[in-house]
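One structure is given here, and the rest of the page talks about it.
If you read the sequence from its start, that first residue is 1, and numbering goes on from there. Remember, it's 1-based here, ligands and their atoms both numbered in the order they're listed. As the structure is a prediction and not an experimental result, all values here were calculated from the model.
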Amino acid sequence: MSSYLKGLKCRECGKDYPKEALHVCELCFGPLEVNYEYEGIKKVLTREVIEKRPPNMWRYRELLPIDGDPSVGAQVGFTPLIRAHNLGRVLGVKELYLKNDAVNFPTLSFKDRVVSVAISRAREMGFKIIACASTGNLANSVAANAAACGMESYVFIPYDLEHSKILGTQIYGANVVGIRGTYDEVNRLCSEVAGKYGWAFVNINIRPYYAEGSKTFGYEIAEQLGWKLPKHIVVPMAGGSLITKISKAFNEFHKLGLVDGDRVDTRIYGAQAAGCSPIVNAVKEGTELIRPVRPNTIAKSLAIGNPADGYYSVKTITGSGGWAENVTDEEIISAMKLLAETEGVFAETAGGVTLGSAKKLIEQGRIPKDESIVICITGNGLKTQEALHGKLGEIDVINSKLAEFDELVNANGKVYAVKA
Ligand SMILES: *Cc1c(COP(=O)(O)O)cnc(C)c1O
Ligand SMILES: [Zn+2]
């Protein structure tokens, strides 16, 4: 397969760079972004070609930044887009969907998309050690995918993450380093380590390639809606990369003629936890300047106080005519319960943030009730169980005696037909 990866380009001043392990512009310090030969892609990438390929994220291979074949993550992506009738009824909206990366392979979050691109690219560039600064899900994914392709990995995390996120990183044999500090402090240390040790930090020195993997989340939504874009999409934000890449995905599909409609008119909404909402604050205050915060929320996967792509997230949201909203820890938990009880989907705390924020935006009338809405579920509830401890009440415990069960049923006040 031929490659359409042209090089890197500064997002601010437009200076071109070769396709190497670079991430900031030496002239203006702007972030670098991957550039493709869209003319060539347009000739080969049709709906029919994509539809014939296996159901994974590599069906959009021409739009991903690697030169050869992917060397890891062959089964990542093409997660379900669920038509959420029950939840839609509760929220009073007509056409609601969940894009469900809680069941993404292999580590149950959308991070497997970015990591399989980053590791494939890092190997092409000759890196031997793969590393990351993580709020949890990235740690799981780097550790698993590195193991799958026989690479050594170093994973840096805030030491006080959820147990399942730590355990679910260690199990793959990764070198896990817990840092006494917030994610932002972990990230600062990792920038220094990357400079000194020369390892491939997926979300730092090879970030331009890594971030492109998130586009597949957007491509799949468009394809699964029957080659159409949704009118509204609600996206959780940590560093703010996913939301900008969903926007890029929709724009690319439009430019390539892969979706119906003569322009991209999807309104994009950002969601954060009230205990860490630097991007939401900026949108509400009408500024593109991000004021960093010190995170304090149960949504640890989204707890980035100084988001790398915060500025671009604000531009993406306001430029699309969307808005942003945040929710308290209590609201996160009730949204997690609502999602599970209506649709049978157990999302992590980030899912509670997204649904809780979507609910507010619908109630406020910011999202109309009669147009298509996609809610992005990005991680799995089994990984953040601490957040629910003591929140769901006690289960009923009885001896294995029918009389005790009868008593329980009567106490619950429910009437069942009993066989004569
Ligand atoms: C990392 C993450 C996000 C957000 O990612 P950014 O691209 O940094 O904004 C959303 N949800 C979950 C579950 C994540 O782990
Ligand atoms: Zn520049």
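In terms of protein heavy atoms, atom 14 (C) of ligand 1 is closest to Lys111 NZ, 2.9 Å. Among all non-hydrogen protein atoms, the one lying nearest atom 8 (O) of ligand 1 is Gly239 N, 2.8 Å.
Geometrically, Lys255 engages Tyr38 in a cation-pi contact defined by less than 6.0 Å to the ring centre and at most 45° from the axis. Note that Arg366 lies outside the cation-pi zone of Tyr269, set by a 6.0 Å cut-off to the ring centre and a 45° limit from the axis.
In this structure, SG of Cys25 and SG of Cys10 enclose an angle of 110° at the Zn ion (ligand 2), rounded to 10°.
For a threshold of 3.5 Å applied to N or O pairs, the pair formed by Ser241 and ligand 1 contains at least one separation below that value. Not one N or O of Ile304 is nearer than 3.5 Å to an N or O of ligand 1, by distance alone. Polar contact with ligand 1: absent for Ser109 (N/O pair, distance under 3.5 Å). Below 3.5 Å of separation, one finds no N or O of Ser301 facing any N or O of ligand 1. For ligand 1, none of its N or O atoms has an N or O atom of Gly379 under 3.5 Å away. On a distance-only criterion, Ala350 and ligand 1 share no N/O pair closer than 3.5 Å. In terms of N/O distances under 3.5 Å, ligand 1 is not approached by Phe110.
Within the listing of ligand 1, atoms 3 (C), 10 (C), 11 (N) sit less than 4.0 angstrom from a heavy atom of Leu302. Near Gly240, with a cut-off below 4.0 Å to any heavy atom, the atoms of ligand 1 are 6 (P), 8 (O), 9 (O).
With Arg207 as reference, Asp309 is the one residue of Asp309, Leu32, Val24, Val202 to meet the side chain to side chain contact (heavy atoms under 4.5 Å, CB included) rule. Screening Lys215, Arg59, Arg113 for a salt bridge (Lys or Arg N to Asp or Glu O under 4.0 Å) with Glu220, the sole residue that qualifies is Arg113.
Residue contacts with ligand 1 for Leu242 involve both N, CA, C or O and side-chain atoms from C-beta outward (heavy atoms, distance under 4.0 Å).
Within a 6.0 Å sphere centred on NZ of Lys15, other residues, nucleotides and ligands contribute more than 12 heavy atoms.
Using a 4.0 Å cut-off between a side-chain N of Lys or Arg and a carboxylate O of Asp or Glu, Glu48 and Lys52 do not qualify as a salt bridge. Salt-bridge annotation for Asp69 and Arg121: absent, with no side-chain N of the basic residue lying under 4.0 Å from a carboxylate O of the acidic one.
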Does Trp199 form a ring-ring contact (aromatic ring centres under 6.0 Å, His included) with Phe127? I'd like the steps, not just the answer.
CA-CA 7 Å; Trp199 298 340; Phe127 285 99; over 10 Å; no
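The option from Thr378, Asn380, Val353 that lies nearest to atom 12 (C) of ligand 1, judged by heavy atoms, is Thr378.
Here the side chain of Lys383 pairs a donor or acceptor atom with the backbone of Thr107 at under 3.5 angstrom.
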